[in-house]
Amino acid sequence: MSDLLSEENSKTGALPPELILGYRYLLKQRLGQGGMGAVYLAYDQRLDIDCAIKEMSTALLKTEEERERARKSFHEEAKLLARLNHPNLPRVTDHFSDHGREYLVMEFVPGETLATILRNSPPPWPVADVVAFAEPLTEVLHYLHSRTPPIIFRDLKPANIMRTPEGQVKLIDFGIARLFKPGQSQDTQAFGTMGYSAPEQYGTGQTDARSDVYALGVLLHQLMTGHDPIAQPFNVPLAHTINAAVPEAISSVLMTAMSHDPQTRFASMVALRRALSNASQHSADVYVAQRPGTAALPNVGYAPSAQMRPTSQPYGPPSSQPYGQTGSQPYGKPSSQPYGQPSSQPYGQTSSQPYGPPVAQPYAQPYSPPPPPTYAQPFSPPAPPMHPATHHLQAASVPKAKTTGVAQTAQIMGFLSLLLTISGFFYEDMGRDAGIFMGFFGGFAGFVSLIVSIVAISLKATRESIKGRSQSVRGLIFATVAMVLACVVFAIIGAANQY
Ligand SMILES: Nc1ncnc2c1ncn2[C@@H]1O[C@H](COP(=O)(O)OP(=O)(O)OP(=O)(O)O)[C@@H](O)[C@H]1O
């Protein structure tokens, strides 16, 4: 034991269960192991709750000066992280040093990493689910970018995103471990994962919010197409050329996000989110066409599905990450491990492994590469985010004419009835009888369009189409106003008649 904790021992992740760290945290099991450190599930004896503890060692750093600098930066960054408060980030609650190692204590996030989810439910996922999944990510990244000073995540990838059984998404790795990697402590030096990280992270360029925009673009592209970004970093084909179910408008948004030149990317998460939302609204009819056939992972964005519920683990809350399959890659190096293949360096293959043998990962649905992509337009200047003419490319087979047709009729009828009723107000010019006729006819037409609007809203396909929904609601409003105005016209004409 003393050997495991000796300051010379650079190995992390070897602490046994039942060990008490910092006079407070009872170790339960190891959750993951990366290049620079390990993460444990522990029990906080003071607060009576589970927590996750990240362990990092300074032993790889050569000089005492470097080690001291890393320790100092670690405690400074830990304090910065402790000030963060966002539902999509685990709370950082403590940090301490013990036997030459540094520890960061944070909220334990039950559930699975996106890397694990992808192995069990390989992409492509339904476009609408990916857009829903992107929402909390854009929110939390915007939160980080709007801190003072801004926090750039810089290593957004499936292994650093967790999803709780309730469907909540959390970013888990702030890259604090880079401080313990020789030569990686400066912002200007390479830090990230090849394939996901923006080109400027590997050159002399300074990273900013747009570097995270790039990584999110890559991730969403992977979820919508199944294309492995690690295979050919910085050369991602247009999403709709790999998966025809991706509307061109969304494909174009992703291309803008993944532009090589940060200047031509979306400037912020807010801009990316807005563009995605616009593109998906305009493609709403396309979604209706896609969803029945492509629901590979229903409700992946928020609601827990049986597929994603963690299996029970010997120690308390579940970890679906078997030992040795961290899914994370050393920073700055291209990965040689595509998703869906087990790690080539599993822990626990020897009997001396403190945590027992590794759990076999069920690779029931191994990653199958997408059809050979066409690199027809790799990184040509991004097209404008929306192409209205192409939004209906996939919609030929949708019962669109019927559904949005009803909604459209409701809207037009409602509007006409409103015009008729309003013209009743001009009875003095038209004559009393014409005014009564307009009021009566407008009110009656309003009543009919009210019924048509209610029918439109009750149709499932209309409800699923954003355009259909808004048309029916407009029809409903026009019709109601027309009926109310018709009553007003009668009242006015009636009153004028008495005098
Ligand atoms: N707060 C947390 N709650 C639950 N599990 C966590 C938490 N943080 C990390 N984990 C688990 O530990 C694994 C490794 O975590 P993390 O990504 O922070 O370390 P790493 O891959 O070693 O990172 P680094 O890139 O910093 O070396 C994750 O894949 C996840 O399964």
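We count ligands from 1, going down the list as the structure has it; atoms in each ligand are counted the same way. What you are looking at is a predicted structure, and each value in this text was computed from that prediction instead of being measured.
At least one N/O-N/O distance between E107 and ligand 1 falls below 3.5 Å. Checked by distance only, ligand 1 and D173 come closer than 3.5 Å through their nitrogen or oxygen atoms. At least one N or O atom of K54 sits closer than 3.5 Å to an N or O atom of ligand 1.
Using bins of under 30°, 30° to 60° and over 60° for the plane-to-plane angle, the ring pair F74/H95 lands in the perpendicular bin. By the 30° and 60° cut-offs, the orientation of the rings of Y143 relative to H86 is tilted.
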Tell me, with the steps shown, if Y40 and Y103 meet ring pair (Phe, Tyr, Trp, His ring centres under 6.0 Å).
CA-CA 10 Å; Y40 300 89; Y103 295 93; 7.6 Å; no
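Across all their heavy atoms, V109 and P90 have their closest contact at CG2-CB, 3.9 Å. In terms of heavy atoms, S197 sits closest to Y202 at CB-OH, 3.3 Å.
Between the CZ atom of F153 and the OG1 atom of T207 there is a distance of 13.0 Å, given to the nearest 0.5 Å. Interatomic distance, CD of E102 versus CE of M56, reported as 7.5 Å (0.5 Å rounding). Atom NE2 of residue H75 and atom CG of residue L104 lie 10.0 Å apart, to the nearest 0.5 angstrom.
For ligand 1, the atoms lying closer than 4.0 Å to a non-hydrogen atom of G37 are 22 (O). Those atoms of ligand 1 with a heavy atom of G32 less than 4.0 angstrom away are 12 (O), 13 (C). Close contacts between ligand 1 and N160 involve ligand atoms 17 (O) [criterion: under 4.0 Å to a heavy atom]. Of all the atoms in ligand 1, the ones that sit under 4.0 Å from a non-hydrogen atom of M106 are 1 (N), 8 (N). Heavy-atom contacts of F108 reach the following atoms of ligand 1: 3 (N), 4 (C) (cutoff under 4.0 Å). Interface of A52 with ligand 1, defined as ligand atoms under 4.0 Å from a residue heavy atom, comprises 1 (N), 2 (C), 3 (N).
Using a 4.0 angstrom heavy-atom cutoff, E112 does not count as in contact with ligand 1.
With a 4.0 Å heavy-atom cut-off, ligand 1 is reached by the backbone of V109 and by its side chain too. Contacts between L41 and ligand 1, counted as non-hydrogen atom pairs separated by less than 4.0 Å, are absent for every part of the residue.
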